[in-house]
Number of protein chains: 2
Amino acid sequence: MKGNANIIRPYYSEKCPVIKALEILGGKWRLAIIWELSHYKSLRYNELKRHIDGITNIMLTRSLQVLEQHHLINRTDYGQIPPHVEYSITADCQALLPALEIINEWGKTRIEVHRAQS
Amino acid sequence: MKGNANIIRPYYSEKCPVIKALEILGGKWRLAIIWELSHYKSLRYNELKRHIDGITNIMLTRSLQVLEQHHLINRTDYGQIPPHVEYSITADCQALLPALEIINEWGKTRIEVHRAQS
DNA sequence: TCCTATGGGCACAAAAATGTGCGTACTTAA
DNA sequence: TTAAGTACGCACATTTTTGTGCCCATAGGA
């Protein structure tokens, strides 16, 4: 136990918007999900899963849930059986797309660097 | 052991630039470090540490190391005792700053949302 | 003489993120 | 009649990330 361990300090995420954003977007798959969804008006769960190679059910489910909680995606359940659910990005999320474009382009150069090294 | 566990598949990160970028940038502190450094021509280790509230030595050290390995920051050691080392961002890294601006603005709105809810 | 500052590193512990294997209830097509 | 597709969820195991407490050597100021 350290000296002032009982003093609750404001989290840095409440001071630094970049860290706050990363708290919401920083998962392994979240940006990829947003990025994929941004290319369609909407996608169904399994469609989305086929677009994101390697993602498992549980990770897709969890990621969609947190993104929905933060109002980055819309979940529309048509209440049918068998189930029919559609996902799409919200207006709030659209604001991020210019950043994702840049990151996507930057990522391409990194893939090339990686290839050149191997 | 599963059926085809021995088949090596290309990682998704080699196909999706967004995921590739997140592999490099996705740590808890990395973007914050870049963001801080981007506001100065250069900063010393302990200066940087004071700017990023809550970061520990080991995390700052490790983060700087991986960022340097990926050529996102320059480390300049003046070879003095006591030590004098300066960090700055590279030209490669500059390309990311427009994205960081957007993320920073977006993060601000999230902090407000968070405040309004509590 | 002791404190502070410089820039970190090491071994380990704790916490968080991610993945595995399986199961649900129902429908349509083969 | 059986298989496949719909959209997930649970308990647990594994992996990855992050953090803790300590330590180094040196110099300058009080």
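Chain letters run A, B, ... following the sequence lines, proteins first and then strands; every chain starts at 1.
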Practice problem: Would you kindly confirm whether B:Ile102 and B:Val113 end up in one hydrophobic cluster when ILVMFWY residues are joined by side chain heavy atoms under 4.5 Å apart? | Solution: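 B:Ile102 and B:Val113: separate clusters.
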
Taking OP1 and OP2 of [N], is either one under 4.0 Å from a side-chain nitrogen or oxygen of [X]?
| X | N | result |
| --- | --- | --- |
| A:Arg50 | D:dT6 | yes |
| A:Arg75 | D:dC8 | yes |
| A:Lys28 | D:dT17 | no |
| B:Gln65 | C:dG9 | yes |

Judged by atom type as modelled, is there a donor-acceptor pair below 3.5 Å linking the side chain of [X] to the main-chain atoms of [Y]?
| X | Y | answer |
| --- | --- | --- |
| B:Tyr45 | B:Tyr87 | no |
| B:Thr109 | B:Trp106 | yes |
| B:Gln69 | B:Val66 | no |
| A:Arg110 | B:His70 | yes |

Quiz item: Any salt bridge between A:Lys108 and A:Glu105, counting N to O under 4.0 Å?
Solution: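 So A:Lys108 pairs with A:Glu105 through a salt bridge.
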
Quiz item: Taking only residues two or more places apart in sequence, or in another chain, which ones meet A:His71 in a ring pair (Phe, Tyr, Trp, His ring centres under 6.0 Å)?
Solution: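 Applying ring pair (Phe, Tyr, Trp, His ring centres under 6.0 Å) to A:His71 gives none.
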
Practice problem: For A:Trp35, check ring pair (Phe, Tyr, Trp, His ring centres under 6.0 Å) against everything at least two apart and list the hits. | Solution: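 So A:Trp35 forms a ring pair (Phe, Tyr, Trp, His ring centres under 6.0 Å) with A:His39.
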
Nucleotide [N], atom [atom2] - distance to [atom1] of [X] in whole Å:
| X | N | atom1 | atom2 | answer |
| --- | --- | --- | --- | --- |
| B:Ile58 | C:dG7 | CD1 | P | 16 Å |
| B:Leu22 | C:dA17 | CG | C1' | 13 Å |
| A:Glu23 | D:dT18 | CD | P | 13 Å |
| B:Leu64 | C:dG7 | CG | P | 11 Å |
| A:Trp29 | C:dT18 | CH2 | P | 9 Å |
| A:Arg44 | D:dC8 | CZ | P | 10 Å |
| B:Glu68 | C:dG7 | CD | P | 15 Å |
| B:Asp77 | C:dG8 | CG | C1' | 11 Å |

Quiz item: Taking only residues two or more places apart in sequence or in another chain, which ones pass salt bridge (Lys or Arg N to Asp or Glu O under 4.0 Å) with B:Arg62?
Solution: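 With sequence neighbours excluded, B:Arg62 shows a salt bridge (Lys or Arg N to Asp or Glu O under 4.0 Å) to no residue whatsoever.
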
Self-check item: 5' precedence on DNA chain C between B:Arg62 and B:Tyr45 (nearest-nucleotide basis)
Solution: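 Of the two residues, B:Tyr45 wins.
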
Practice problem: For B:Glu86, report the nucleic acid contact type (base, sugar-phosphate, nothing); a contact means any heavy atom under 4.0 Å. | Solution: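 No contact at all - B:Glu86 keeps every heavy atom at 4.0 Å or more from the nucleic acid.
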
Quiz item: A:Tyr78 near the nucleic acid: base, sugar-phosphate alone, or nothing, with a heavy-atom cut-off under 4.0 Å?
Solution: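 No contact.
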
Quiz item: Where along nucleotides 22-30 of chain C does protein come under 4.0 Å, by heavy atom, of base (B) or sugar-phosphate alone (S), with - for untouched nucleotides?
Solution: ----SS---

Self-check item: Set of residues satisfying side-chain contact (heavy atoms from CB on, under 4.5 Å) with respect to B:Leu97, sequence neighbours excluded
Solution: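 Applying side-chain contact (heavy atoms from CB on, under 4.5 Å) to B:Leu97 gives B:Ile34, B:Ser38, B:Ile89, B:Gln94, B:Leu100.
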
Practice problem: Rounding to 10 degrees, work out the angle separating the end axes of the helix from C:dT1-D:dA30 to C:dA30-D:dT1 (five pairs an end). | Solution: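 The angle, to the nearest 10 degrees, is 10°.
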
Quiz item: For DNA chain D, whose closest nucleotide is more 5', that of B:Gly26 or that of A:Glu47?
Solution: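 That would be A:Glu47.
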
